[in-house]
Amino acid sequence: MSRFYKNGLQGKVQDPPRPNYNQMWTDIEREVAMRRSGALQVTSTPRTKRKFIPAAIVFSCFMVVAVPVFAGVTLNWDSLYGGRSVTNALNNGVGQRYNLDVSSKDITMSLKGVVTDGERMKMLVSIDSDMKPGDYDAVELEHMVIKDEAGKEEPVNGYLNYDESSGKLLGIYETKDNLQQGKKTYTLEAGSLVYYKDKDIALKQIPKAGETLSTGEARYPSIRIKSVTESNSSLAVRYNVSAADSNDQGHGDPHLIVKTGSGSSRGMLTQLPPEDKDVLIEQVFSNLTAEAWGNAELHFNYMKEAKRIPGTWSFHFKADGKKAGEAVYSQLLQSSDEFQQKAGMSLNQLTVTPLEIIAGIQDDMLMKVHDKNGEVMYKDVRLMVGDQEIAGSYTIKGDDPEKYQHVFAFESPEWYKDWSKVPMKMILKDAVVTKRDKSANWLVLNKPAAKKQTAEMKLESFGVRFDYYMDGNDLVVESESDSKGFKGISQSMLRVDGQDLYPEYTPRGPSAPSKNIERYPNFKMNQTLEINPGFYSYYDSSRDSEITLIK
């Protein structure tokens, strides 16, 4: 099923390697953003008909050779993530261009082009819009699949974006690339064009943790607040949204809006793995205190169906396996000792394809968390190609988890006849370091009681405070730092009478506040109790780095 998007993304165990859950969410978020996979939507933020500008910078493209353009009305594919590079590939003879039109319920859908890169098949689709832009806030194709000659069906994922210049809805839809260098006939099936409008409901009170409020809406009847956590500069609200349809999975983008004297905000929203049939959401509001929350005006918002066109559109087309993922240029890369020391990785190969510029990563960064230098991830990844600067990201290539390739990827800006003469420099900034060291950083705690106790430690150059207390039979540990640049502890651990103990797993989103509250169920001890910060993260500008790929 296609996704629509709105404008503005355990008790005691043995000692196995514990995953860095906070980093896992970051990696998932990046992978979803790059693939538009729909398999796991970390952020439930539908994109609207209005122009969407993704993480990649939209830049001017100067073609070295004269190329043909699409016939008829010029369609602005640049408003879609990956749109420019797909049309570049098509205009340079990679993939196939089509002008296939199918009408249903007086709505015409067109298949404009297909490009494969060895991993994904990308299809350009346009739809005549029968709704005025002000009449809706989001739109989607509810049903979208592709079938091969044998009738085998694969899901197709993507989104639609309104193009003001043509008055059409444009979309890039993706599925698994099964061509394998051959030629095959496919059938693309689409059904039900659905328009949505924001539905805003003012709630009658500001709920506290444990309280449930009725929304008065059949689709999402109620919300139940699980926790309200104030951190140094933000407030995190975690809550369940009940859904009438058990398969809803937050598809309607349910969320809270907080209105104060300074304006309204939906904060940073993360849809977490569900604990039951309800939708579990965490929203983090910057510069909001618990006191301001208590005095705010609270609204519940979701996307409500405004119009449904139950049409069926079907395209039969033949695709060629010539890959846009085939390298037009490649060279081996050598990372300096300084770069490897700062970034905690080395690069092995530069590959330029008609769709992307890829810098392959030699070392598996996700295994570096136990090294003394930690694992380093960069929130700001850029590439200088000649005099153009392109925003990119760390991502994962491949469909087989055992054969994943970790890379830095950038949209290819233009076509050069000789890439070996085009200077390239990669710039990595906003470094986040994640570490875990069981050989050090142990802090002795007193025997916990119902009354809260406090212990402090120096971690790297940051001061970290632990507040701990008994809540019934459970030990609760709160960790926080007032030091600027410390992102927080994602999972601590205890050593109780010489035995390692881990907290109950509670997922945290990539924008979670620095304050972390963990629960150790059915806690018991005899003599000794120590705490280790476990997985912790912090910003380190000294790790920012630049590396020349082509001189």
Side-chain angles (χ1 to χ4, degrees), residues 1-6 9-11 19 21-22 24-25 28-29 31-32 36-46 138 140-145 155 157 159 192 194 196-201 203-229 236-257 266-284 298-306 308 474 503-512 517-519 521:
M1 178 167 64
S2 63
R3 297 288 295 183
F4 65 84
Y5 295 83
K6 184 180 178 183
L9 235 240
Q10 347 191 278
Y21 295 110
N22 202 32
M24 282 171 58
W25 275 111
I28 291 170
E29 183 184 42
E31 186 173 0
V32 169
R36 309 295 176 200
S37 66
L40 174 59
Q41 296 291 330
V42 177
T43 56
S44 177
T45 50
E140 72 165 346
L141 284 166
E142 192 172 64
H143 171 77
M144 196 78 154
V145 297
N157 298 289
Y159 67 97
S192 296
V194 186
Y196 297 86
K197 189 73 175 174
D198 275 327
K199 176 69 174 181
D200 186 81
I201 304 100
L203 299 177
K204 296 180 180 180
Q205 66 184 78
I206 299 294
K208 299 177 181 178
E211 293 183 342
T212 300
L213 284 181
S214 173
T215 66
E217 294 295 308
R219 183 172 183 178
Y220 299 114
S222 64
I223 62 172
R224 178 169 57 88
I225 303 296
K226 293 177 65 68
S227 64
V228 179
T229 305
V237 182
R238 184 181 292 238
Y239 57 98
N240 276 319
V241 180
S242 62
D245 182 356
S246 59
N247 296 317
D248 184 284
Q249 298 179 344
H251 185 70
D253 186 32
H255 60 275
L256 295 174
I257 298 289
R266 71 172 266 160
M268 295 293 293
L269 183 150
T270 303
Q271 186 175 312
L272 299 168
E275 300 169 330
D276 47 36
K277 65 179 181 179
D278 294 340
V279 183
L280 179 59
I281 294 174
E282 181 180 78
Q283 280 181 261
V284 179
L298 192 63
H299 288 239
F300 177 71
N301 188 286
Y302 75 99
M303 305 300 290
K304 189 171 184 176
E305 188 174 309
R308 173 180 293 267
D474 299 347
E504 181 179 68
Y505 167 54
T506 302
R508 307 184 78 215
S511 301
I517 302 176
E518 299 176 293
R519 183 174 293 268

- request: Please step through side-chain contact (heavy atoms from CB on, under 4.5 Å) for the pair Lys304 and Arg219, ending with a clear verdict.
  value: CA-CA 9 Å; Lys304 189 171 184 176; Arg219 183 172 183 178; over 6 Å; no
task: Identify the heavy atoms of Glu305 and Val194 that sit nearest to each other, and give their distance.
output: CG-CG1, 3.6 Å
field: Heavy-atom closest contact (Tyr239 atom, His255 atom, distance)
entry: OH-CA, 3.3 Å
For residues 272-282, which side-chain N or O atoms pair as donor and acceptor with protein atoms under 3.5 Å away, sequence neighbours left out?
from, atom 1, to, atom 2, distance (Å)
Glu275, OE1, Lys226, NZ, 3.2
Asp276, OD1, Asp278, N, 2.8
Glu282, OE2, Arg238, NH2, 2.9

- prompt: So do Thr270 and Met268 actually touch side chain to side chain, heavy atoms under 4.5 Å?
  reply: no
- prompt: Can you list the residues that meet the side chain to side chain donor-acceptor pair (under 3.5 Å) rule with Asp200, with sequence neighbours excluded?
  reply: His299
- prompt: When you look at Arg519 and Ile517, which way does the side-chain contact (heavy atoms from CB on, under 4.5 Å) test go after all the steps?
  reply: CA-CA 7 Å; Arg519 183 174 293 268; Ile517 302 176; over 6 Å; no
query: Rounded to the nearest 0.5 Å, what separation is found between the CZ atom of Arg266 and the CD1 atom of Ile257?
result: 6.5 Å
query: Do Ile223 and Leu256 have side-chain heavy atoms sitting under 4.5 Å apart?
result: yes
field: Side-chain (Thr215) to main-chain (Glu217) donor-acceptor, under 3.5 angstrom
entry: yes
query: Quick one: CD on Glu504 to CG on Asp474, what's the gap to the nearest 0.5 Å?
result: 7.5 Å
- prompt: Backbone N or O of Ser222 within a donor-acceptor pair of the Ser242 side chain at under 3.5 Å?
  reply: yes
field: Salt bridge present between Arg308 and Glu142 (N-O < 4.0 angstrom)
entry: yes
task: For residues Val284 and Ala512, report the shortest heavy-atom separation together with the two atoms involved.
output: CG2-CA, 4.2 Å
task: Please identify each residue that fulfils ring pair (Phe, Tyr, Trp, His ring centres under 6.0 Å) with Tyr220, with sequence neighbours left out.
output: Tyr302
task: Locate the shortest heavy-atom distance separating Pro254 from Gly250; write the atom from each residue and the value.
output: CD-O, 3.6 Å
task: State, yes or no, whether a side-chain contact exists between Asn240 and Arg224 at a heavy-atom distance under 4.5 Å.
output: yes
- prompt: Hey, does the side chain of Gln205 reach the backbone of Leu213 with a donor-acceptor pair shorter than 3.5 angstrom?
  reply: no
field: Steps toward side-chain contact (heavy atoms from CB on, under 4.5 Å) verdict (Met303, Glu140)
entry: CA-CA 12 Å; Met303 305 300 290; Glu140 72 165 346; over 6 Å; no
